[in-house]
Amino acid sequence: MAIIQFPQGFIWGTATAAYQIEGAVREGGRGPSIWDTFCRIPGKVKNGDNGDTACDSYHRYPEDIGLMKKLGIGACRFSIAWPRVIPDGDGEINPQGLKFYRDFVDGLLAAGIEPFCTLYHWDLPQALQDKGGWASRSTVDAFVRYAETVFKAFDGKIKYWITLNEPWCVSFLSNYLGVHAPGNRDLQLAADIAHNLLVAHGKTVRRFRELGVEGSIGIAPNVTWIEPYSTAPEDIAAADRERAWYVEWFMDPIFKGSYPEFMADWFRGKGATPKIEPGDMECVSEKIDFLGINYYTGNIVRHAPGGGLFDSEIVDAGHERTDIGWPVYPEGFNRVLQFIADRYGPVPIYITENGACYNDGPENGRVRDETRIEYLRKHLIQLNRAIASGVDVRGYFVWSLLDNFEWAEGYAMRFGLTHVDYRTLARTPKDSFYWYGSVAQNNRFEV
Ligand code: JJW
């Protein structure tokens with residue numbers, strides 16, 4: 001038996017997001033978000049599901065904090081719903097919204113759990129979408145004002161801040177591929193939104209510094225590892241283009257102050273160059289204290305003239321797949337971390353999401369999700385290798401504490417360490433909950 005040991009002080013946590021777990025969408029003064037709207041467009045979300053109730057964590061958060069205590073984790077990544085704090089996005093501050101999150105954060109702190117707060121996890125106030133959404137610079141300014149409101153309300157209580165979750169999903173998945181809210185299909189719009197999101201991120205980091213807020217701030221992009229199908233130059237180039245769309249398109253501006261040249265050429269060729277204003281790139285590249293990384297899967301890609309966006313196609317390499325259909329590719333975890341460390345230097349990293357969709361349910365009160373334990377075990381082995389090689393990873397958050405609303409997949413896809421019965425809202429820790437709790441409490445595990 002071998003021991004996989006993590007560094008002293010390594011932070012273990014779980015992650016959730018407001019729209020996916022809270023419910024209570026018309027309580028406490030909350031305003032509507034783009035996901036409330038999107039869920040009501042027929043065909044957009046599996047089974048016509050929506051976040052109206054979700055896991056009812058708005059009312060049941062003390063029980064959820066109890067689950068975190070039972071796990072023995074040191075940190076909780078959660079998100080604040082902008083429409084709860086400023087219901088129309090840029091108008092009056094809603095004191096009930098701030099109170100809800102103050103009670104939640106105080107509960108975490110009383111339980112000895114460090115809050116990691118995501119400011120934006122996809123639930124844009126609908127009123128701002130009605131005025132152009134992220135395509136409009138006025139939304140950028142409204143976001144900075146919302147962030148400042150929350151910084152001031154939680155200064156000294158919340159010391160880890162994430163500006164944006166997965167800007168690729170917010171821009172391209174939601175406004176080019178049309179899979180997520182608001183469901184547009186326009187490459188120029190998506191490129192402009194991707195740019196404005198980066199500007200909003202940079203301006204928020206600047207405001208955080210100007211206010212002298214205690215703690216550290218970062219961003220949490222999603223990354224998919226892309227491997228070339230062969231050593232043929234055209235396959236390597238195709239894989240580079242695919243990976244750049246997920247990784248470099250967002251990280252180069254933050255760490256290098258410019259877009260990756262060959263991708264900028266590609267967007268120019270598509271007539272979708274983002275509108276960059278003077279000073280934008282200096283703002284976007286405002287130094288961050290840490291980089292969040294959301295990793296789930298990897299793909300094998302080869303050159304395919306006319307295929308996809310980049311004359312490429314995904315090759316089915318026979319990897320096992322989770323129940324949502326994503327390949328299980330643990331080696332990609334180590335490789336993408338090496339790639340990021342090599343390209344961007346020694347930035348502190350937190351794995352802000354890693355987890356798997358397996359839809360096991362309870363049998364006689366127990367959920368035997370061995371496949372999730374295997375997924376986590378394999379990925380933590382790869383993470384340990386990345387750390388041993390010098391990548392400065394300081395913490396790891398499983399997606400997710402609870403089964404929850406998985407966006408366009410609705411409640412059909414389960415990522416939780418805890419099973420949620422959506423009829424009764426009863427929580428049942430799965431076998432993976434106990435396995436991960438042991439890892440978190442011992443900072444190591446056996447293989
Ligand atoms: C890509 C679907 C066609 C979430 C995607 C769909 C079709 C080309 C998990 N991360 O719920 C990526 N998640 O809220 C944040 N990460 O394309 C948290 N990425 O593409 C989790 C979904 C995702 C995706 C979902």
Side-chain angles (χ1 to χ4, degrees), residues 13-22 33-35 38-39 44-46 49 51 54-55 57 76-81 116 118-124 162-181 183-185 187 190 219-226 241-243 245-247 250 292-299 301 304 307-310 312-314 321-327 329 332-333 336 350-359 372 375 379 397-417 420:
T14 58
T16 58
Y19 189 76
Q20 296 180 269
I21 67 166
E22 286 179 2
S33 76
I34 57 174
W35 272 95
F38 191 68
C39 288
K44 295 298 184 186
V45 178
K46 197 171 279 185
D49 289 341
C55 305
S57 291
C76 161
R77 181 183 175 226
F78 70 102
S79 81
I80 288 180
F116 275 60
T118 306
L119 287 164
Y120 186 72
H121 203 124
W122 305 358
D123 42 5
L124 184 72
I162 294 160
T163 54
L164 305 172
N165 185 72
E166 299 185 354
W168 181 86
C169 288
V170 180
S171 52
F172 293 109
L173 186 62
S174 303
N175 290 282
Y176 175 60
L177 300 176
V179 175
H180 282 186
N184 296 313
R185 296 175 184 272
L187 189 60
I219 186 171
N222 56 300
V223 295
T224 297
W225 181 243
I226 307 291
R241 290 192 298 273
E242 280 271 352
R243 189 201 56 249
W245 191 39
Y246 282 110
V247 179
F250 294 94
I293 290 292
N294 295 357
Y295 177 83
Y296 289 92
T297 188
N299 284 316
V301 162
L309 279 173
F310 307 109
S312 61
E313 65 180 2
I314 292 173
R321 292 174 184 265
T322 65
D323 289 351
I324 201 169
W326 301 348
Y329 200 154
F333 196 14
V336 76
Y350 290 92
I351 306 302
T352 35
E353 285 178 33
N354 177 242
C357 173
Y358 290 106
N359 297 323
R372 179 172 287 103
Y375 177 100
H379 284 76
F397 294 81
V398 170
W399 182 268
S400 175
L401 172 70
L402 303 170
D403 292 338
N404 60 56
F405 177 77
E406 180 50 39
W407 309 111
E409 299 293 343
Y411 297 102
M413 296 297 164
R414 294 175 178 268
F415 280 84
L417 295 174
V420 176

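For the numbers below, each heavy atom of this structure counts, side chains included, while hydrogens, waters and symmetry mates do not. In this chain, numbering begins with 1 at the start of the sequence shown. Note that ligands are numbered from 1 as they come in the structure, with each ligand's atoms numbered from 1 the same way.
- For Phe116, the ring pair (Phe, Tyr, Trp, His ring centres under 6.0 Å) partners are Tyr160, Tyr350, Phe397, not counting sequence neighbours.
- Between the side chain of Thr352 and the main chain of Ile293, a donor-acceptor pair closer than 3.5 Å is present.
- For the residue pair Ser312 and Glu242, a side-chain donor N or O sits within less than 3.5 Å of a side-chain acceptor on the partner.
- Taking Tyr246 as the reference, Trp168 meet the ring pair (Phe, Tyr, Trp, His ring centres under 6.0 Å) condition, with sequence neighbours excluded.
- A donor and an acceptor atom, one from each side chain of Arg77 and Asn165, are located under 3.5 Å apart.
- Listed by chain and number, the residues in a ring pair (Phe, Tyr, Trp, His ring centres under 6.0 Å) with Tyr358 amount to none (sequence neighbours excluded).
- Every protein residue with a heavy atom nearer than 4.0 Å to ligand 1 is included here: Gln20, His121, Asn165, Glu166, Trp168, Leu173, Leu177, Tyr296, Trp326, Glu353, Trp399, Glu406, Trp407.
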